[in-house]
Amino acid sequence: MTTIFQGKIAVIKADLKSKTKKEGWVLPRQSSSFADPNAWTNIDCDVTPLERRTWSAWTMFGYWFSDALNAQGWMAPASIIALGLTWREAVVCIIFGSLVCTVPLVLNGIIGARLHIPFPVAMRASFGWYFSRFAVVTRAVTALFWHAIQTYTGSTAMTQIIRSIWPSYLDIPNHIPESVGITTQGMVSHLIFWCLQFPILLIPPHKLKWFFVAKCVLVITCSVAVVVTMTSKAGGAGDIWNLPYGVDGTARSWLILSSLSSMTGGWATMATNIPDFTRYLRSDKGVYWQVLFLPGIQLMLGLFGIICCSASKVVYGRYIWDPLEIAAQWDGPAGRCGAFWVGLTWVVAQIGTNLSANVISCANDICCLFPKYVNIRRGVIIATITAAWIMQPWKIIYSAQSLLAFMAGLGIFLAPIAAILGADYWINHDRHIDVPGLYRAHGRYRYNKYGTNWRAAVAFLVSVVPTLPGMAATVNPLIAPSIGDANKLYFMFYFWGYSSAFVIYSLLSYFFPATETKVPATIYDDSDVVSAEEKADSDVPDDKKAMEVESSPV
């Protein structure tokens with residue numbers, strides 16, 4: 001036994017010693033990859049193997065519950081009603097904003113479900129070998145910011161769990177300066193939540209389906225219980241249903257449009273990189289159910305938030321949108337018990353959202369940018385340490401309202417990326433992609449020596465540039481008078497950004513086609529080659545069998 005233990009210690013020491021050199025971090029080379037002989041890739045960048053395609057439509061259902069059921073979704077109507085609109089407009093914005101997002105979610109989700117490739121690889125078909133990295137970095141930065149905020153929200157939920165067991169936890173003396181933006185007790189909660197979340201984030205994505213199901217059951221059960229509790233305490237649902245309009249005329253119309261766009265912008269990240277998750281589906285049928293899943297879940301959670309907020313006015317004398325702040329009002333044995341379950345629910349909810357929307361997406365991006373040194377596991381470690389500690393989310397929330405506005409505005413960059421990805425697959429390439437060519441630096445999707453598809457660059461600029469003045473005015477209101485009505489286009493940035501990029505890219509690709517990127521049928525593997533005549537006579541759908549007319553790209 002002693003010999004075995006000493007042997008393990010020696011292996012660990014040797015491994016740690018190797019990590020002191022750059023070569024010690026090199027990952028094993030994938031022999032099954034389509035990459036060039038001198039290139040490097042790993043299993044997380046490669047086409048998803050059959051044994052990892054374990055997701056079904058029910059898994060997607062659990063996935064969307066995992067993503068959409070979070071504290072931010074509960075509070076979504078708050079920003080709409082605070083602007084001067086009523087609960088009716090909030091419901092309309094939630095439904096139609098979510099429905100708008102299902103368009104790119106389905107179009108781009110099919111890419112992952114049929115080709116089984118991650119988002120960074122899929123982008124090469126439209127943006128080109130090198131320009132695709134711009135899209136990947138943009139998505140990764142967005143994921144880092146949101147992972148930071150979701151993690152900090154989870155730490156506030158952890159506070160409710162601990163104080164429900166030990167009420168004196170709230171009395172911990174503060175030894176951190178106010179300028180830092182967090183107290184000693186808050187820092188302890190943040191550390192505990194992060195330590196709990198960290199090992200769960202390391203679970204491979206194809207093994208997460210039961211976590212999504214568990215979150216679904218827990219969050220729905222607890223949310224219904226909170227609604228019942230608050231309406232019972234208030235003797236009804238309160239008076240929020242009778243609030244008058246705060247604005248009228250054209251200002252009200254623009255507010256509705258702006259709120260709709262804000263709802264779509266909140267899902268701009270997932271609409272862009274949804275292939276990172278649909279790649280694990282056994283069949284593409286699960287993708288279409290998103291049209292019902294996302295709006296239904298968002299509406300349910302939004303109504304929970306509206307009802308509990310209205311009841312809180314009766315019970316506590318003020319409108320409280322944050323479910324964790326509502327739980328913070330509960331004292332006594334029964335109240336602390338309720339606060340414990342609310343805290344536990346939102347701890348699980350925030351971890352699930354970080355899994356499905358942020359950290360895995362960012363890890364996919366990093367490992368495809370640096371496949372020689374980073375796989376998804378290492379990418380997760382890099383992402384969660386960066387977001388939770390280096391970026392200091394408590395400062396983002398405490399003192400950077402303009403930064404939060406900027407983060408919401410990141411949708412103006414993500415909308416055209418999602419649009420170009422969808423337009424390229426469905427319109428330009430007519431659903432026929434050379435998958436091995438996506439992994440080759442000098443393959444058919446290089447476009448030119450710069451590895452850039454100029455059609456995508458033009459469509460991106462036309463989509464983004466007109467909305468920049470409005471975004472600048474949102475971040476810095478002092479310059480708003482100088483830009484006049486230019487900010488109105490920003491009010492509908494997702495509608496403009498997605499539709500304009502989709503149309504412009506499709507037209508440019510039609511009138512100036514990159515013929516070298518076209519294939520008559522989807523190519524899944526180099527070994528799958530048939531003639532055009534065989535393809536025409538075949539009854540097997542393109543998305544089920546790999547076919548190729550020409551030889552593989554150099």
Side-chain angles (χ1 to χ4, degrees), residues 76 79-80 82-85 89-90 92-105 107-108 126-127 134-135 138-139 141-142 145 245-272 401-423 454-508:
S79 59
I80 299 175
L83 291 172
L85 301 176
E89 281 75 24
V92 169
C93 290
I94 290 172
I95 294 175
F96 285 97
S98 300
L99 282 174
V100 168
C101 287
T102 60
V103 174
L105 282 170
L107 294 182
N108 297 341
S126 54
F127 273 55
F134 167 77
T138 301
R139 173 62 186 98
V141 170
T142 308
F145 273 111
Y245 291 111
V247 290
D248 294 298
T250 57
R252 177 183 164 199
S253 300
W254 280 109
L255 276 179
I256 294 174
L257 186 58
S258 175
S259 299
L260 267 172
S261 198
S262 295
M263 290 299 302
T264 57
W267 293 107
T269 50
M270 285 310 305
T272 304
Q401 293 301 316
S402 61
L403 182 56
L404 291 174
F406 170 75
M407 289 166 55
L410 284 175
I412 72 172
F413 300 102
L414 295 175
I417 292 174
I420 293 169
L421 175 62
W454 64 267
R455 303 159 194 82
V458 171
F460 181 85
L461 289 174
V462 171
S463 172
V464 170
V465 171
T467 57
L468 289 177
M471 179 183 176
T474 303
V475 174
N476 184 7
L478 296 178
I479 68 173
S482 63
I483 66 171
D485 291 335
N487 64 333
K488 287 186 169 61
L489 188 60
Y490 179 74
F491 290 164
M492 51 181 181
F493 70 86
Y494 201 85
F495 300 98
W496 161 259
Y498 189 87
S499 59
S500 62
F502 194 100
V503 171
I504 292 169
Y505 180 79
S506 299
L507 290 175
L508 290 175

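Atoms considered below: every heavy atom in the structure, side chains included; atoms not considered: hydrogens, waters and symmetry mates.
Going from atom CG of Asn108 over to atom CE of Met270 covers 11.0 Å, rounded to the nearest 0.5 Å. A distance of 13.0 Å separates CZ of Phe127 from CZ of Arg455, quoted to the nearest 0.5 Å. With rounding to the nearest 0.5 angstrom, the CZ atom of Phe493 is 12.5 Å from the CG atom of Leu468. Note that CD1 of Ile417 is 11.5 Å distant from OG1 of Thr269, once rounded to the nearest 0.5 Å. Put simply, CG on Leu257 and OG1 on Thr250 are 12.5 Å apart, with the number rounded to the nearest 0.5 Å. The CG atom of Leu99 sits 12.0 Å away from atom CD1 of Ile94, with the distance rounded to the nearest 0.5 Å.
For Ser463, the side chain to side chain contact (heavy atoms under 4.5 Å, CB included) partners at least two apart in sequence or on another chain are Pro416, Ser500, Ala501. Residues passing the side chain to side chain donor-acceptor pair (under 3.5 Å) test with Arg139, sequence neighbours excluded: Asn273, Ser361.
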As a quick check of understanding, evaluate side-chain contact (heavy atoms from CB on, under 4.5 Å) for Leu414 and Thr138, giving each step before the final call.
CA-CA 8 Å; Leu414 295 175; Thr138 301; 4.0 Å; yes
Does the pair Leu260 and Phe495 meet the rule for a side-chain contact (heavy atoms from CB on, under 4.5 Å), with working shown?
CA-CA 9 Å; Leu260 267 172; Phe495 300 98; 4.1 Å; yes
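Under the 4.5 Å side-chain criterion, counting only non-hydrogen atoms from C-beta, Val462 is not in contact with Tyr505. Side-chain contact between Tyr490 and Pro469 is absent, with no heavy-atom pair separated by less than 4.5 Å. Between Pro104 and Thr272, every side-chain heavy-atom pair lies at or beyond the 4.5 Å cut-off.
What you find for Pro466 and Leu461 is that their closest heavy atoms are CD-O, 4.1 Å. Looking at every heavy atom in both residues, Ile420 comes nearest to Ala459 through CD1-CB, 4.1 Å.
Under the side chain to side chain contact (heavy atoms under 4.5 Å, CB included) rule, Thr467 has a single partner from Tyr494, Trp496, Phe413, which is Trp496.
When ring centroids are compared, Phe134 and Phe460 come within the 6.0 Å threshold.
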